[in-house]
Amino acid sequence: MPYPDKFTGFQVNGPETWLDFHKNEFQPKPFGDYDVDIKVECCGVCASDVHTISGGWGKQHYPLAVGHEIVGTAIRVGPKVTLIKEGQRVGVGAQSYSCLDCRQCKNDNETYCRKQLDTYGAVWPDTGIVSQGGYSSHVRTHEHWVFPIPDALPSTVAAPMLCAGLTAYSPLVRNGCGPGKKVGIVGLGGIGHLGVMFAKALGAEVWVISRTHAKEEDARKLGADGFLATADKGWNEPHVMTFDLIVNTASSFDGFDLNAYLSLLDVHAKWVSVGLPEDDGIKVRNQTFLTNGCFFGSSHLGSRKEVLAMLQLAADKGIRTWVEEIPISKENLATALQRVHKNDIRYRFCLTNYQDQFGA
């Protein structure tokens, strides 16, 4: 079959018109020996998409098609590709390149490679071509960042796991989430709701920590063992120094009492932040860490090995993203991204019906 020379995608022209999508043709990077061309079937809508095109995360390369929770069919594989077969259903997340040769890459830390490139908005070396994301007919990606999707997972369930799911899963498994551990998930959104299900599937006692009780019923349905609302007086006191790990998925630090949160941690236990607020973040003092000697850090995406393990865990345990499907179109994209901006989604959008816009 003939392969498309150019791809088509819904792009925005700049932060001033970030809800105005235009269907444009664009030139992908040159096809390499290790590349896979994927015809997109569906794509999750991530808060990162909003932060990027609205200018919240600073200057970008426009015009830009975002989207990095991609599932589709591999329609072309390079001559040196061994990890993916043509015709396979596959996924692509938020990263599409690293050197694969440095110390980090060789230790399954390729997401921390100094040469890592994002699935959209990155400038490909030597070409000047800007990578375009999954709000498009196709994506072209190095095989290392193309993942077979287990048959047991529907495409729209798997797609959000490729960014939101991995962002929660990696810090959980890297920091000992499992049987006998008490794990907190701060914030119940796209990342947080998957974090609850993965932490539970890994065997931990899981608590959701939210501002109010509004999402308590959802938290219980997702499998949470307990729920803390920070609006309650003395909310932290019964649980001081009892948590082994807390993963913070919140995207805002407004009114955030960090001392109260960190008081929950056992001696040398860890607080891992994965949400990326647009503002200045949070100020910390050394004294904050003294009472329990806790550790405070962050986590970025995850490795190929972790993606494959996460998808298999989801398939084996019947984990299902809470997803609202929405056919991709100029109008629906504007609606979906505006709703994500307002946190008006429980808990992930997935764009579908690509054939209607881009053909069979």
Side-chain angles (χ1 to χ4, degrees), residues 103-104 107-109 111-114 165-189 191-211 219 223-277 279-303 305-306 309-310:
R103 174 176 173 170
Q104 287 71 36
N107 286 323
D108 292 313
N109 284 317
T111 190
Y112 299 100
C113 176
R114 292 173 66 190
L166 182 62
T167 297
Y169 179 83
S170 179
L172 289 171
V173 294
R174 289 185 183 220
N175 293 291
C177 176
K181 297 297 175 74
K182 184 175 176 182
V183 173
I185 303 290
V186 178
L188 197 63
I191 300 172
H193 92 287
L194 283 162
V196 172
M197 291 189 283
F198 283 131
K200 194 66 187 166
L202 290 164
E205 176 188 337
V206 186
W207 288 67
V208 170
I209 306 169
S210 190
R211 291 180 190 268
D225 297 287
F227 188 94
L228 299 175
T230 61
D232 293 348
K233 190 171 172 20
W235 65 273
N236 61 318
E237 288 165 9
H239 300 272
V240 166
M241 293 179 72
T242 65
F243 279 82
D244 298 289
L245 169 66
I246 296 176
V247 177
N248 171 36
T249 74
S251 57
S252 169
F253 284 126
D254 287 346
F256 215 76
D257 183 356
L258 185 64
N259 286 14
Y261 285 98
L262 295 186
S263 75
L264 300 171
L265 291 167
D266 194 8
V267 176
H268 299 328
K270 293 180 181 176
W271 167 281
V272 184
S273 275
V274 296
L276 293 171
D279 54 26
D280 290 337
I282 202 159
K283 290 181 180 175
V284 296
R285 301 170 70 235
N286 282 11
Q287 289 88 333
T288 298
F289 308 106
L290 281 181
T291 51
N292 53 6
C294 67
F295 292 94
F296 184 95
S298 192
S299 175
H300 180 240
L301 297 174
S303 67
K305 190 180 283 187
E306 286 168 334
M310 171 192 70

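To the nearest 0.5 angstrom, L194 atom CG is 10.0 Å from L188 atom CG. The distance from atom CZ of F295 to atom CG of L265, rounded to the nearest 0.5 Å, is 11.0 Å. With rounding to the nearest 0.5 Å, the separation of CZ in F289 from CG in L258 is 6.5 Å. To the nearest 0.5 angstrom, T167 atom OG1 is 7.5 Å from H300 atom NE2. Taking OG of S303 as the start and CD of Q104 as the end, the distance is 13.5 Å to the nearest 0.5 Å. Here the CG-OG distance, from N248 to S298, works out to 9.0 Å after rounding to the nearest 0.5 Å.
Checking each of W235, F243, F296 against Y261 for a ring-ring contact (aromatic ring centres under 6.0 Å, His included) leaves exactly one that passes, namely W235. Under the side chain to side chain donor-acceptor pair (under 3.5 Å) rule, N259 has a single partner from N236, T291, T288, which is T288.
Of all the heavy atoms in D108 and K305, the pair that sits closest is OD2-NZ, 3.0 Å. In terms of heavy atoms, G195 sits closest to L172 at O-CD1, 3.7 Å. Considering every non-hydrogen atom in both A219 and V208, the closest pair reads CB-CG2, 3.8 Å. Contact detail for A199 and V183: the closest heavy-atom pair is CB-CG1, 4.4 Å. In plain terms, the two heavy atoms of L166 and P171 that are nearest each other are O-CD, 4.2 Å. The shortest heavy-atom contact between G302 and T111 is O-CB, 3.7 Å.
By the neighbour-count criterion of 12 heavy atoms within 6.0 Å, atom NZ of K270 is sparsely surrounded, having that number or fewer from other residues, nucleotides or ligands.
Side-chain contact between T249 and H193 is absent, with no heavy-atom pair separated by less than 4.5 Å.
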Exercise. After noting the C-alpha distance and the side-chain angles of F198 and V173, does the key distance pass the side chain to side chain contact (heavy atoms under 4.5 Å, CB included) rule?
Worked result: CA-CA 9 Å; F198 283 131; V173 294; over 6 Å; no
For this session: Please assess V247 against V274 for the test side chain to side chain contact (heavy atoms under 4.5 Å, CB included), listing each intermediate value before the final yes or no.
Result: CA-CA 7 Å; V247 177; V274 296; 4.2 Å; yes
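Although no hydrogens or angles enter the test, the distance criterion places no donor-acceptor pair under 3.5 Å between the side chain of N107 and the main chain of N109.
By the side-chain contact (heavy atoms from CB on, under 4.5 Å) test, S170 is found to be paired with R174, S299, E306, residues two or more places apart in sequence or in another chain being considered.
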